[in-house]
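Scroll down for the structure; my scribbles are underneath it.
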Amino acid sequence: MRLPESVLKYQHEIWQAIGETFVMVGISIVAAVLIGLPLGTLLYLFRRGQRYQNQTLSFVLGSVVNIIRSFPFLLLVVFMIPFTRIIVGTSIGTLAATVPLSIIAIAYYARLVEQALLDVPKGVVEAAASMGASTMQLVVKFLYVEARSGLVLGLTTATISFISYSTVMGIVGGGGVGDFAIRYGYQRFETEIMVFTIIIMIILVQMIQFTGSRLSHWLDRRS
């Protein structure tokens, strides 16, 4: 099938926008795994009835996560401009856009991690305690192993949300597929461009969902 003339005309910009989206989402996923996973684990461990139950720390960490998640993302981007400038030296561009996106990614995935760990049967935790497992052993060899399917599904869901969030990063010059669709499709009234970029987003989301679901199912069968 031959692509429309308008799409061929902007093919360089389209590839650039796709690359910017991958950069923003990729960095946010790394932040979610490296920081959101441990944070979600702490939220679980500090809960009442868990090994390190601590109502004060549970309340503080939970409140921080809830506050970040309650921010409308567009307002969070604007609110974090001074912090973004401190971290990366500028508040404009794709790299700058990854800062607020990473912050929301950490908070979002932390809650999903906490929920996945709460779904682990109590018998697993009790078995780990009876064997004298340390906290690290409990987390790595028992909790993460039992919750691996849920953790992958949670990361899949989070990644799709990150793609959605990335579409508004044009406000700080972050670019991406969503920003391209607005600038070239909506503002210039080129409907074919708008439709084409929407199709790209749909295909990307479907690929991520399919891969995540299959991996989660495979890990679940190995339990």
Side-chain angles (χ1 to χ4, degrees), residues 24-73 76 80 98-166 205-223:
M24 289 187 288
V25 175
I27 291 177
S28 66
I29 292 173
V30 172
V33 173
L34 293 183
I35 304 177
L37 180 60
L39 178 57
T41 305
L42 289 177
L43 287 171
Y44 168 82
L45 291 174
F46 290 151
R47 286 179 66 96
R48 180 180 297 178
Q50 303 304 330
R51 175 173 289 199
Y52 292 107
Q53 61 177 355
N54 187 312
Q55 291 186 342
T56 301
L57 288 176
S58 179
F59 174 78
V60 171
L61 288 179
S63 297
V64 171
V65 169
N66 289 338
I67 289 172
I68 293 173
R69 293 183 63 206
S70 65
F71 258 88
F73 184 63
L76 179 66
M80 290 194 62
T98 64
V99 176
L101 196 57
S102 295
I103 295 297
I104 194 67
I106 291 167
Y108 190 89
Y109 189 54
R111 279 301 184 195
L112 295 177
V113 169
E114 180 190 20
Q115 186 57 56
L117 297 181
L118 286 172
D119 290 338
V120 174
K122 289 186 178 180
V124 173
V125 179
E126 293 170 355
S130 67
M131 288 186 244
S134 65
T135 302
M136 184 61 69
Q137 290 172 330
L138 167 66
V139 171
V140 175
K141 295 186 177 180
F142 291 88
L143 291 176
Y144 286 171
V145 171
E146 288 295 320
R148 59 194 175 191
S149 178
L151 292 173
V152 169
L153 272 181
L155 187 60
T156 301
T157 301
T159 301
I160 293 172
S161 296
F162 304 159
I163 293 174
S164 177
Y165 290 141
S166 73
V205 167
Q206 292 301 317
M207 288 174 58
I208 292 171
Q209 185 64 63
F210 176 79
T211 303
S213 296
R214 294 291 294 178
L215 179 58
S216 174
H217 180 66
W218 179 73
L219 290 173
D220 193 41
R221 289 179 60 187
R222 292 188 62 199
S223 300

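Quick note: numbers below take in every heavy atom, side chains included, and nothing from hydrogens, waters or symmetry partners.
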Closest heavy-atom contact between [X] and [Y]?
X: Ala31; Y: Ser102; result: CB-CB, 3.7 Å
X: Leu112; Y: Ala158; result: CD1-CB, 4.1 Å
X: Phe46; Y: Ser58; result: O-CB, 3.6 Å
X: Ser130; Y: Ala127; result: OG-O, 2.7 Å
X: Val124; Y: Val120; result: CB-CG1, 3.9 Å
X: Ser216; Y: Leu153; result: OG-CG, 3.2 Å

Distance in Å, [X] [atom1] paired with [Y] [atom2], rounded so as to fall on 0.5 Å steps:
X: Phe142; Y: Glu126; atom1: CZ; atom2: CD; result: 12.5 Å
X: Leu43; Y: Arg111; atom1: CG; atom2: CZ; result: 5.5 Å
X: Ile68; Y: Met80; atom1: CD1; atom2: CE; result: 8.0 Å
X: Asn54; Y: Arg48; atom1: CG; atom2: CZ; result: 12.0 Å
X: Leu155; Y: Ile29; atom1: CG; atom2: CD1; result: 6.0 Å
X: Leu117; Y: Glu146; atom1: CG; atom2: CD; result: 11.0 Å

Do [X] and [Y] touch side chain to side chain, with heavy atoms closer than 4.5 Å?
X: Leu39; Y: Leu61; result: yes
X: Tyr44; Y: Val139; result: no
X: Arg47; Y: Leu118; result: yes
X: Ile163; Y: Ile208; result: yes

Open item on the list: I need the single residue from Val152, Leu151, Val145 that forms a side-chain contact (heavy atoms from CB on, under 4.5 Å) with Leu219. Which is it?
Closed with: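 The residue from Val152, Leu151, Val145 that satisfies side-chain contact (heavy atoms from CB on, under 4.5 Å) with Leu219 turns out to be Val152.
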Donor-acceptor contact present, side-chain [X] to main-chain [Y], <3.5 Å:
X: Ser70; Y: Ile67; answer: yes
X: Ser28; Y: Val25; answer: yes
X: Ser161; Y: Thr157; answer: yes
X: Ser213; Y: Gln209; answer: yes

TODO: Please assess Leu37 against Tyr144 for the test side chain to side chain contact (heavy atoms under 4.5 Å, CB included), listing each intermediate value before the final yes or no.
DONE: CA-CA 10 Å; Leu37 180 60; Tyr144 286 171; 3.6 Å; yes
TODO: With sequence neighbours left out, write down each residue that passes ring pair (Phe, Tyr, Trp, His ring centres under 6.0 Å) with Tyr165, or none if nothing qualifies.
DONE: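 Tyr165 satisfies ring pair (Phe, Tyr, Trp, His ring centres under 6.0 Å) with Phe73 once adjacent residues are dropped.
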- [ ] Can you establish whether the number of heavy atoms outside Arg69 located under 6.0 Å from its atom CZ is more than 12?
- [x]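 Yes, because the 6.0 Å sphere around CZ of Arg69 holds more than 12 heavy atoms from other groups.
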